[in-house]
Amino acid sequence: MTQSRFTSVLVANRGEIACRVIKGAQAKGYRTVAVFSEADAGARHTRMADVAVPIGPAPVAQSYLSIPNIIAAAKQAGAGAIHPGYGFLSENAAFADACAAAGLVFIGPPAEAIRAMGNKGAAKRLMIEAGVPCVPGYQGAAQDDATLLAEATRIGYPVMVKAAAGGGGRGMRLVHSADAMVAAAASAKSEALGAFGSDELILEKAVIEPRHVEIQVMADAHGHVIHLGERDCSVQRRHQKVLEEAPCPVMTPALRAAMGDAAVKAAKRIGYVGAGTVEFLLDANGSFYFLEMNTRLQVEHPVTECITGLDLVAMQLDVAAGLPLAITQDDVRLTGHAIEARLYAESPEAGFLPETGHVLAWHPAEGDGVRVDHGMRDGGEISPFYDPMVAKVIAWGADRDEARRRLIGALERTTVLGLVTNKGFLVSMLGHDEFAAGNATTAFIERNFPNPADLAPADRTFARALAAALLVDTAPKAGADELAGWWSVGEAESPVRLAEGETVTALKVGARGRTYSVSGAETSFVISIHGIEGDRVRYACEGMDGTARFAIADDHVFLDTGAATHKFHDVTYAPAATADAGADGLVRAPMNGRVVAVRVEAGATVARGEVLAVLEAMKMEHQLTAPVDGIVVSVAARAGDQVATRQILVTIEAIAAS
Ligand code: MV4
């Protein structure tokens with residue numbers, strides 16, 4: 001095979017994997033080309049690359065999935081090779097063909113190898129031929145009810161019905177008895193036809209509570225294939241991996257050799273070249289079965305890099321350039337243990353609803369044995385068009401428990417402000433006894449965290465109190481001088497109302513200097529603010545000093561306590577919630593804006609509901625009304641003033657109804 005002489009690599013992807021590949025290609029001396037959709041202008045990957053080319057509108061079909069647009073970008077930028085990352089076009093055989101037709105090197109396997117693994121039935125027949133252990137089942141051409149029923153009976157229940165063209169659990173049904181078989185097959189066929197354009201099914205004996213163990217393989221274009229050990233990706237939610245680790249906690253050298261050998265056989269059988277992953281189910285008896293092969297670099301590749309010391313992207317580039325593998329199987333040594341957690345912008349307690357919005361602050365953890373792969377930057381955005389994964393946080397340790405503890409610490413020190421993330425859930429899983437013992441199977445999340453509503457962070461009540469204290473502490477103090485003489489008591493008490501979804505919590509915040517007594521219906525905390533530097537607050541509470549990061553923007557308090565990310569909507573002065581707000585006689589700006597008019601002066605008698613001032617904000621006028629009958633003590637704003645949320649504009653001393 002001749003050596004390809006590409007000097008420039010286009011990365012046909014976005015987010016963390018585009019950044020990872022760009023970094024790897026630059027490290028090997030290649031010029032890099034990023035592509036970006038309209039939603040990704042200025043994104044981190046576009047800034048890391050040597051050049052960046054726009055490829056169309058935000059929807060993926062018109063940009064990251066558009067073969068013509070990406071090939072045109074490669075031509076325009078003079079790229080000689082294309083790395084597809086994962087997802088998008090990475091397992092699209094037509095894209096591999098289109099690259100070849102355009103004279104570009106596709107950094108991935110031959111199109112024929114992608115096609116060979118594209119259909120589960122055909123792939124299984126090939127694997128059986130190659131001597132790769134497969135789950136006993138049926139993968140024949142006949143798809144009529146009578147055949148499927150007879151085959152299911154032969155296999156023995158429970159049976160797993162799968163879409164031949166499917167993946168990721170779609171079109172999959174677990175069937176416990178013959179009575180349910182025909183209906184399950186019909187519904188699987190209809191789902192598969194809709195999702196994949198084919199209603200072909202395969203049947204398999206169901207493996208009960210398996211582990212998902214996958215073998216990383218690397219093949220060159222000269223017939224050499226090696227494996228780089230396994231990853232255990234059993235901790236999944238709805239077929240989305242959440243935690244991945246290497247090695248598998250129950251692996252033995254003999255089992256690794258057998259699974260590695262099977263994976264190498266699988267790759268050789270289809271003429272594989274490049275990085276690939278062979279997925280297996282591993283049952284409680286140590287039997288393993290081929291599931292499918294992923295013909296791309298995977299999200300979780302860093303755990304393999306951590307324990308092998310190899311750079312998989314560098315190896316992909318070498319192989320794509322036509323070089324033979326620089327190492328043999330005997331050179332592959334596994335050292336220590338690595339665990340990866342996928343940090344998502346999503347709200348676990350809201351049923352894992354994805355979160356979108358602006359990233360107000362981003363602080364990836366640093367530390368011994370910690371790696372954070374991400375595509376984030378301050379001021380960036382998590383848009384609804386793409387996967388809400390924020391980052392992968394990876395920790396290595398000399399043993400599994402060290403890796404696990406380091407990962408918990410790294411997650412605690414990784415902060416995203418502006419969006420809710422799943423970090424509290426990740427920390428809970430990593431701290432769970434079953435995971436800590438290395439016993440987590442594919443049933444781990446369902447069994448231990450069945451109810452999303454229970455996934456509210458354990459420190460929510462404290463976080464809410466800290467958020468309230470921060471709102472009062474950071475409130476603009478305009479008008480404070482006028483108040484000083486008037487406010488006779490030493491401790492001022494401010495109402496604060498915080499909403500989380502539909503739930504509103506009313507708190508009272510008493511202040512003595514910067515020590516705040518925050519009380520609600522069932523709780524009270526005394527929190528002293530020692531200092532605020534940038535987005536970090538140092539506080540004391542219940543005899544302990546602590547730190548947290550926070551941002552206040554658009555009536556929201558974003559707070560990262562370390563243990564979890566919190567988001568509270570400040571509705572204290574929201575128009576709809578004025579009922580008891582202002583009962584203290586303080587009339588505040590409900591949002592940032594400009595004072596258009598002030599209708600009262602000090603000394604005036606006002607009636608509840610009377611308009612005191614008009615604020616213009618977000619292109620609308622908002623009337624600020626007297627919350628109580630009383631006398632205006634002071635007016636701290638003039639027409640034309642720019643004012644900040646919560647800034648006190650008018651102070652009224654209530655006249656008790658007589
Ligand atoms: C199975 C199985 C049990 N028995 N096949 C789910 C997604 C697809 N890649 C294969 N899957 C499974 N196939 C047989 N014969 C259980 C699963 C499965 C699973 C596999 C890996 C990781 C998580 C999982 C969660 C539920 C079910």
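Order of listing sets the numbers, starting from 1, for every ligand and every atom in it. All residue numbers in this chain count up from 1 along the given sequence.
Summarising the contacts of atom 1 (C) of ligand 1 with Lys120, His239, Met172, Lys162, the nearest heavy atom is found in Lys162.
A cation-pi contact, defined as under 6.0 Å to the ring centre and within 45° of the axis, links Arg170 to Phe196. Phe280 does not carry Arg256 over the face of its six-membered ring by the limits of under 6.0 Å from the centre and within 45° of the normal.
Residues satisfying the ring-ring contact (aromatic ring centres under 6.0 Å, His included) criterion with Phe95, sequence neighbours excluded, are Phe106.
Contacts with ligand 1 closer than 4.0 Å are made by no heavy atom of Ile208, backbone or side chain.
Geometrically, ligand 1 and Val207 share a nitrogen or oxygen pair separated by less than 3.5 Å. At least one N or O atom of Glu204 sits closer than 3.5 Å to an N or O atom of ligand 1. Any N or O atom pair closer than 3.5 Å counts here, and His212 shares no such pair with ligand 1.
Residue, atom and distance of the protein heavy atom nearest to atom 20 (C) of ligand 1 are Leu281 CD2, 3.8 Å. Ranking the protein heavy atoms by distance from atom 16 (C) of ligand 1 puts Met160 CE, 3.7 Å first. Nearest protein heavy-atom contact of atom 19 (C) of ligand 1 is Thr442 CG2, 4.1 Å.
For ligand 1, the atoms sitting less than 4.0 Å from at least one non-hydrogen atom of Glu292 are 9 (N), numbered in the order shown with element in parentheses. Here is the list of ligand 1 atoms found below 4.0 Å of a heavy atom in Lys205: 4 (N), 14 (C), 15 (N). Close approach of ligand 1 to Gly169 is summarised as follows: ligand atoms under 4.0 Å from at least one heavy atom of the residue are 7 (C).
For Phe425 and Phe352, the distance between ring centers is under 6.0 angstrom.
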Stepwise side chain to side chain contact (heavy atoms under 4.5 Å, CB included) check, Leu291 with Lys162: CA-CA 11 Å; Leu291 260 191; Lys162 299 182 178 182; 3.2 Å; yes
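Ion pairing between a basic and an acidic side chain is recognised when a charged N comes within 4.0 Å of a carboxylate O; Asp283 and Arg211 show no such pairing. The pair Glu16-Arg44 does not meet the salt-bridge criterion, since no charged nitrogen lies less than 4.0 angstrom from a carboxylate oxygen.
Between Ser234 and Thr442, the side chains place no donor N or O within less than 3.5 Å of an acceptor N or O (distance only, hydrogens not considered).
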